[in-house]
Q: 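Here it is, the structure in full.
The chains referred to below are lettered A, B, ... by the order of the sequence lines, with proteins before strands, and numbering in each begins at 1.
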2 protein chains.
Amino acid sequence: MDRRETVQRTIILDTIKSIYHPTVNDIYEQVKKNYPQIGKATVYRNVNLLVEDGLLRKICIGEKEAVYDWDLDSHYHLRCSECKNIYDIDLDYSKELDEKIESLGFMVSHHELVFTGVCPKCQEKNTKMEE
Amino acid sequence: MDRRETVQRTIILDTIKSIYHPTVNDIYEQVKKNYPQIGKATVYRNVNLLVEDGLLRKICIGEKEAVYDWDLDSHYHLRCSECKNIYDIDLDYSKELDEKIESLGFMVSHHELVFTGVCPKCQEKNTKMEE
DNA sequence: TTGTGTGCAAAGCATTTGCACGGCT
DNA sequence: AGCCGTGCAAATGCTTTGCACACAA
């Protein structure tokens, strides 16, 4: 299963790096600007390959669409319940948590930590509306 | 928006309590045994209402189907990457984590922590197969 | 009686897949 | 030449919705 290098895959990866937490559709729309003949299935296929290869992280949060995160260091996320945006959280990945669970008999590969709350921007918006 | 009490809702809630991390389909199949005329849409609608009312927790993990957890105390989960089962993890909910994120400017309502790994059963299965 | 909940089928979305064609190697 | 990746459209699977009828209040 050797993987061929294609123009599409290259463009898709480059594009992902330029968008913050994009959905497949975000990626598709953006890629289309430089490469109009792209098909959405191609984006899905390549995004899946990139996830498989560990170059991309898939984040599934309550919402319908999955979003993708291009980063090499693990980190956590917060989803604003008002604007629905997903923010990276500046908190180090805790290996100790994984170790704690391993001591319970599981073999742990990693964990996802997602906070739900309200981001600073939306908090500000709310206080203004109350005035 | 007063909520009516219906036979269906009662049966659905009772049924959920009897299944471990069920999907909507699991609930539907189980309810049908005692109440064959139930419709799947009714299950969806009631499950959503129960989540809205805080009587039920929706857990969305990478997989397509959402599973539901009937519990009042928050806790964490582990999803076995082999058997795909979801396990409750015996680790207390950390309010300190929420507080840490609040100090970063977010208003936090709660967090979800999901581990991915291999459960004891599947580990055992694997060692047996290697023999 | 009055409107909310139900059951059914159809619609909606996100995602995957089948197939013929195009382009690396 | 051989075959993997692409583009399109169709299929899939989970979930929601429209509508007429049933039933709780």
Side-chain angles (χ1 to χ4, degrees), chain A residues 1-16 19 21-53 55-69 79 84-86 114, chain B residues 1-16 19 21-53 55-69 79 84-86 114:
Chain A
M1 61 165 242
D2 66 315
R3 203 145 285 168
R4 248 181 228 178
E5 199 180 310
T6 63
V7 195
Q8 286 88 339
R9 169 121 18 96
T10 310
I11 297 184
I12 288 171
L13 186 51
D14 283 347
T15 303
I16 288 172
I19 325 180
H21 297 139
T23 63
V24 166
N25 204 57
D26 294 336
I27 301 165
Y28 172 62
E29 292 297 340
Q30 187 62 34
V31 169
K32 249 199 324 198
K33 290 181 187 167
N34 300 310
Y35 198 85
Q37 66 270 43
I38 194 89
K40 199 177 269 192
T42 302
V43 179
Y44 272 102
R45 275 187 285 237
N46 279 301
V47 159
N48 286 343
L49 290 177
L50 291 167
V51 169
E52 209 174 278
D53 291 351
L55 294 172
L56 197 61
R57 193 143 66 106
K58 184 177 186 174
I59 315 173
C60 303
I61 303 187
E63 306 313 297
K64 356 214 145 202
E65 287 173 278
V67 304
Y68 294 85
D69 199 342
R79 180 176 143 276
K84 310 296 182 197
N85 279 337
I86 293 169
V114 179
Chain B
M1 64 165 241
D2 65 318
R3 203 144 284 169
R4 254 182 221 179
E5 200 180 310
T6 64
V7 195
Q8 287 89 337
R9 169 124 13 100
T10 311
I11 297 183
I12 288 171
L13 186 52
D14 284 349
T15 303
I16 288 172
I19 324 179
H21 297 140
T23 62
V24 165
N25 204 55
D26 293 337
I27 300 166
Y28 172 64
E29 292 296 341
Q30 187 62 33
V31 170
K32 250 199 325 196
K33 290 182 187 167
N34 300 311
Y35 198 84
Q37 66 270 44
I38 194 89
K40 198 177 271 192
T42 303
V43 179
Y44 271 103
R45 275 186 286 238
N46 278 302
V47 160
N48 286 342
L49 289 178
L50 290 166
V51 169
E52 209 174 281
D53 291 350
L55 294 170
L56 198 60
R57 192 143 67 107
K58 185 176 188 174
I59 315 173
C60 302
I61 304 186
E63 306 313 298
K64 356 214 148 202
E65 287 172 277
V67 305
Y68 293 85
D69 199 342
R79 178 174 145 279
K84 311 295 181 195
N85 280 336
I86 292 168
V114 179

Q: With the side chain of A/Glu65 defined as its heavy atoms from C-beta on, choose the nearest nucleotide among C/dG5, C/dA9, C/dT15.
A: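 Of the options given, the side chain of A/Glu65 lies nearest C/dT15.
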Q: Is there side-chain contact between A/Ile61 and A/Val67, with at least one heavy-atom pair below 4.5 Å?
A: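 They are not in side-chain contact.
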Q: Tell me whether the side-chain N/O atoms of A/Tyr44 come closer than 4.0 Å to OP1 or OP2 in C/dT16.
A: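 So the side-chain polar atoms of A/Tyr44 never come under 4.0 Å of the phosphate oxygens OP1 or OP2 of C/dT16.
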Q: Does any non-hydrogen side-chain atom of B/His21 lie less than 4.5 Å from one of B/Asp26?
A: no
Q: Send over the distance from A/Lys40 NZ to D/dA9 P, rounded to a whole Å.
A: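 Answer to the nearest Å: 13 Å.
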Q: Whole Å only: how far is the CD1 atom of B/Ile38 from the P atom of D/dC23?
A: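 B/Ile38 atom CD1 is separated from D/dC23 atom P by 13 Å.
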Q: Between atom CG in A/Asp53 and atom P in D/dG5, what is the gap in whole Å?
A: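 So the two atoms are 11 Å apart, to the nearest Å.
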Q: Tell me whether the side-chain N/O atoms of A/Thr6 come closer than 4.0 Å to OP1 or OP2 in D/dT6.
A: yes
Q: Rounded to whole angstrom units, what separation is found between the CZ atom of B/Arg45 and the P atom of D/dC14?
A: 18 Å
Q: Mind checking if B/Tyr28 touches a base, just sugar-phosphate, or nothing, with heavy atoms under 4.0 Å?
A: nothing
Q: Could you give the CG-to-P distance, from A/Asn46 to C/dT15, as a whole number of Å?
A: 15 Å
Q: How far apart are the C-alpha atoms of B/Tyr68 and B/Ile19, what are their side-chain angles, what is the distance that settles it, and do they pass the side chain to side chain contact (heavy atoms under 4.5 Å, CB included) test?
A: CA-CA 9 Å; B/Tyr68 293 85; B/Ile19 324 179; over 6 Å; no
Q: For the side chain of B/Arg9, counting heavy atoms from C-beta on, which of C/dT17, D/dT15, C/dG5 is nearest?
A: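 The listed nucleotide nearest to B/Arg9's side chain is C/dG5.
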Q: Of the nucleotides C/dG18, D/dT16, C/dG5, which one has an atom closest to the side chain of B/Asn48?
A: D/dT16
Q: I'd like to know whether CD of A/Gln37 has more than 12 heavy-atom contacts from other residues, nucleotides or ligands below 6.0 angstrom.
A: yes
Q: Could you pick out which residue, B/Tyr35 or B/Lys64, lies toward the 5' side of DNA chain C when each is mapped onto its nearest nucleotide?
A: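 Its nucleotide being nearer the 5' end, the pick is B/Tyr35.
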Q: Does a distance-only test, which skips hydrogens and angles, find a donor-acceptor pair under 3.5 Å between the side chain of A/Arg3 and the base of D/dG5?
A: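 Answer no: no donor N or O sits under 3.5 Å from an acceptor.
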Q: Between A/Thr42 and D/dG7, is there a side-chain N or O to OP1/OP2 distance below 4.0 Å?
A: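 So the side-chain polar atoms of A/Thr42 do come within 4.0 Å of the phosphate oxygens OP1 or OP2 of D/dG7, strictly under.
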Q: Could you verify whether a donor N or O on one side chain and an acceptor N or O on the other, from B/Lys58 and B/Asn48, lie under 3.5 Å apart?
A: no
Q: Given atom CD1 of B/Ile59 and atom P of D/dC14, what is their separation to the nearest angstrom?
A: 17 Å
Q: I'd like a table of atom pairs between the protein and nucleotides 21-24 of chain C - only N or O on both sides, under 3.5 Å - with the distance next to each one.
A:
unit_1	atom_1	unit_2	atom_2	d
C/dG23	N2	A/Arg4	NH1	2.8

Q: Given atom CD1 of A/Ile61 and atom P of C/dA14, what is their separation to the nearest angstrom?
A: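 The answer, rounded to whole Å, is 16 Å.
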Q: Just checking A/Asn25: base, sugar-phosphate only, or nothing, at a heavy-atom cut-off of under 4.0 Å?
A: nothing
Q: More than 12 foreign heavy atoms under 6.0 Å from NZ of B/Lys84: is that the case here?
A: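 Yes - once you tally the heavy atoms of other residues, nucleotides and ligands closer than 6.0 Å, there are more than 12.
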Q: Run the side chain to side chain contact (heavy atoms under 4.5 Å, CB included) check on B/Glu52 and B/Arg3 step by step: do they pass?
A: CA-CA 12 Å; B/Glu52 209 174 281; B/Arg3 203 144 284 169; 3.5 Å; yes
Q: Measure the distance from CG on B/Leu49 to P on D/dT16 and round it to the nearest whole Å.
A: 11 Å
Q: What distance do B/Lys32 atom NZ and B/Lys40 atom NZ have between them, rounded to the nearest 0.5 Å?
A: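 Answer for the NZ-NZ pair, B/Lys32 versus B/Lys40, is 7.5 Å.
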Q: Go through D/dT17, C/dT15, D/dG7 for me and flag the one nearest to the A/Gln37 side chain.
A: D/dG7
